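Throughout, a chain's letter reflects where its sequence line sits, starting with A, and its residues are numbered from 1. Note that the coordinates shown come from a computational prediction; the quantities given were computed from them, not determined experimentally.
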2 protein chains.
Amino acid sequence: MESSDLRKLGLKVTLPRIKILEILAASAVHLSAEDIYRQLLEHGEDIGLATVYRVLTQFEAASLVRRHHFEGGTAVFELNRGEHHDHIVCMDCGKVEEFLDCGIESRQLDVAKKLGFQVEEHNLILYGRCRRKNCPHRRTDS
Amino acid sequence: MESSDLRKLGLKVTLPRIKILEILAASAVHLSAEDIYRQLLEHGEDIGLATVYRVLTQFEAASLVRRHHFEGGTAVFELNRGEHHDHIVCMDCGKVEEFLDCGIESRQLDVAKKLGFQVEEHNLILYGRCRRKNCPHRRTDS
DNA sequence: TTTGCTGCAAATGCTTTGCATGTAG
DNA sequence: CTACATGCAAAGCATTTGCAGCAAA
């Protein structure tokens, strides 16, 4: 149960928060606020879009979820499962893969230090084309 | 004169486009559409904000300028001076520095290849704190 | 009971668009 | 002269906020 997680964050355990957490936990892909809202409606829940945004923002502040801005104005969210990773996005089908490269990570710190900065966080997104037979070569949109 | 640049792109050489190009060329820092609009007004030009956006979008499509999304919904623009670079942003004062690290660049290609992707472009932004005496520790906002 | 949460609708902020006019080529 | 550019105001879209009612602790 994630209820304990919520309580630890000083957040009341409410239906919207539990449901949103469940949806995020069940999803293999990154979801937008609208995506989550739509799923809630499909599940018969009567939860407002504003609440979805509010909850996601709180979860982000609590490091429970991560917010990403891929192409297009819409933000997407994923559950923070602990291990940091960066993303590569297929420009044809929209597929997102995660990766972690220690070399890149450590070089970032080096570069920053050389410039007199102390890195707090970073944002790395690779855009490319996945050369797979099943790549539809056009985004089907979730 | 940049007029020739414009003509080569199939764009008519108009006052708004020349002025916007000049402002971008003269600026050492990244400018938002509003920043540019404000400078145009200060220079006594009567150019609409919508035009600034339209021109910047055309310039971006023509690879004349680059658009970046740092923190906060506002996009910023810089003249494309040829050499690729990434950015590091000070979370305290908003200062932006540019850097290029061949190690990071090449490792990105490796990682992507390993995942079956062919990289077209990427977006790397480091967020940190510049440990300088003159860092105002709070954004003064252009 | 008290503080925090929710839904709704309205507001926001950045960016884009429709349209009538203006102007570069 | 014609196609493309512009200014203005209105629209669009993702996200946030105000407020009155609700519910967890």
Do [X] and [Y] have side chains that get closer than 4.5 Å, going by heavy atoms?
X        : Y        : answer
B/Tyr53  : B/Ile36  : no
B/Asp86  : B/Glu98  : no
B/Val89  : B/Leu126 : no
B/Ile104 : A/Gln108 : yes
A/Asn80  : A/Val65  : no

For nucleotides 12-15 of chain C, print each protein N/O atom paired with a nucleotide N/O atom at under 3.5 Å, atom names and distance only.
{"residue": "C/dT15", "atom": "OP1", "partner": "B/Ala75", "partner atom": "N", "Å": "2.9"}
{"residue": "C/dT15", "atom": "OP2", "partner": "B/Tyr53", "partner atom": "OH", "Å": "2.5"}
{"residue": "C/dT15", "atom": "O5'", "partner": "B/Tyr53", "partner atom": "OH", "Å": "3.4"}

Send over the distance from [X] [atom1] to [N] [atom2], rounded to a whole Å.
X       : N      : atom1 : atom2 : result
B/Lys19 : D/dT6  : NZ    : C1'   : 17 Å
A/Arg38 : D/dA14 : CZ    : C1'   : 14 Å
B/Leu6  : D/dA5  : CG    : P     : 10 Å
B/Leu40 : D/dC8  : CG    : C1'   : 16 Å
A/Ile36 : D/dT15 : CD1   : P     : 11 Å
B/Gln58 : D/dT6  : CD    : P     : 7 Å
B/Leu11 : D/dA3  : CG    : C1'   : 13 Å
A/Phe70 : D/dA14 : CZ    : C1'   : 17 Å

Minimum-distance nucleotide (side-chain atoms of B/Arg7 versus C/dG25, C/dA9, D/dA25): C/dG25
Salt bridge (Lys or Arg N to Asp or Glu O under 4.0 Å) against A/Asp101, all qualifying residues, sequence neighbours excluded: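 B/Arg107.
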Residue closer to the 5' end of DNA chain C, B/Thr51 versus A/Val55 (nearest nucleotide): A/Val55
Evaluation steps, side-chain hydrogen bond (donor to acceptor under 3.5 Å, both in side chains), between A/Arg17 and A/Ser3: CA-CA 9 Å; A/Arg17 293 189 181 150; A/Ser3 320; over 6 Å; no
Any A/Arg17 side-chain nitrogen or oxygen under 4.0 Å from OP1 or OP2 of D/dA24: no
Exercise: do B/His69 and B/Asn123 side chains pair donor with acceptor under 3.5 Å: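 Looking only at side-chain atoms, B/Asn123 and B/His69 do not form any donor-acceptor pair under 3.5 Å.
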Inter-end axis angle, the helix from C/dT1-D/dA25 to C/dG25-D/dC1, with every axis fitted to five base pairs (rounded, 10 degrees):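 It comes to 40° between the two terminal axes.
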Side-chain ion pair, B/Arg66 and B/Glu78, N-O less than 4.0 Å: no
Which residues share a ring pair (Phe, Tyr, Trp, His ring centres under 6.0 Å) with A/His85, sequence neighbours left out: A/His87
What does the list of N/O pairs under 3.5 Å between the protein and nucleotides 21-23 of chain D look like, with a distance for each?
none

Worked verdict on B/Asp35 versus B/His30 for side-chain hydrogen bond (donor to acceptor under 3.5 Å, both in side chains): CA-CA 9 Å; B/Asp35 290 335; B/His30 300 71; over 6 Å; no
For a quick test of your reading: what N or O donor-acceptor pairs under 3.5 Å do the side chains of residues 43-52 of chain B make, sequence neighbours left out?
none

Sugar-phosphate, base or nothing in reach of B/Arg54, heavy atoms under 4.0 Å: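 Base contact.
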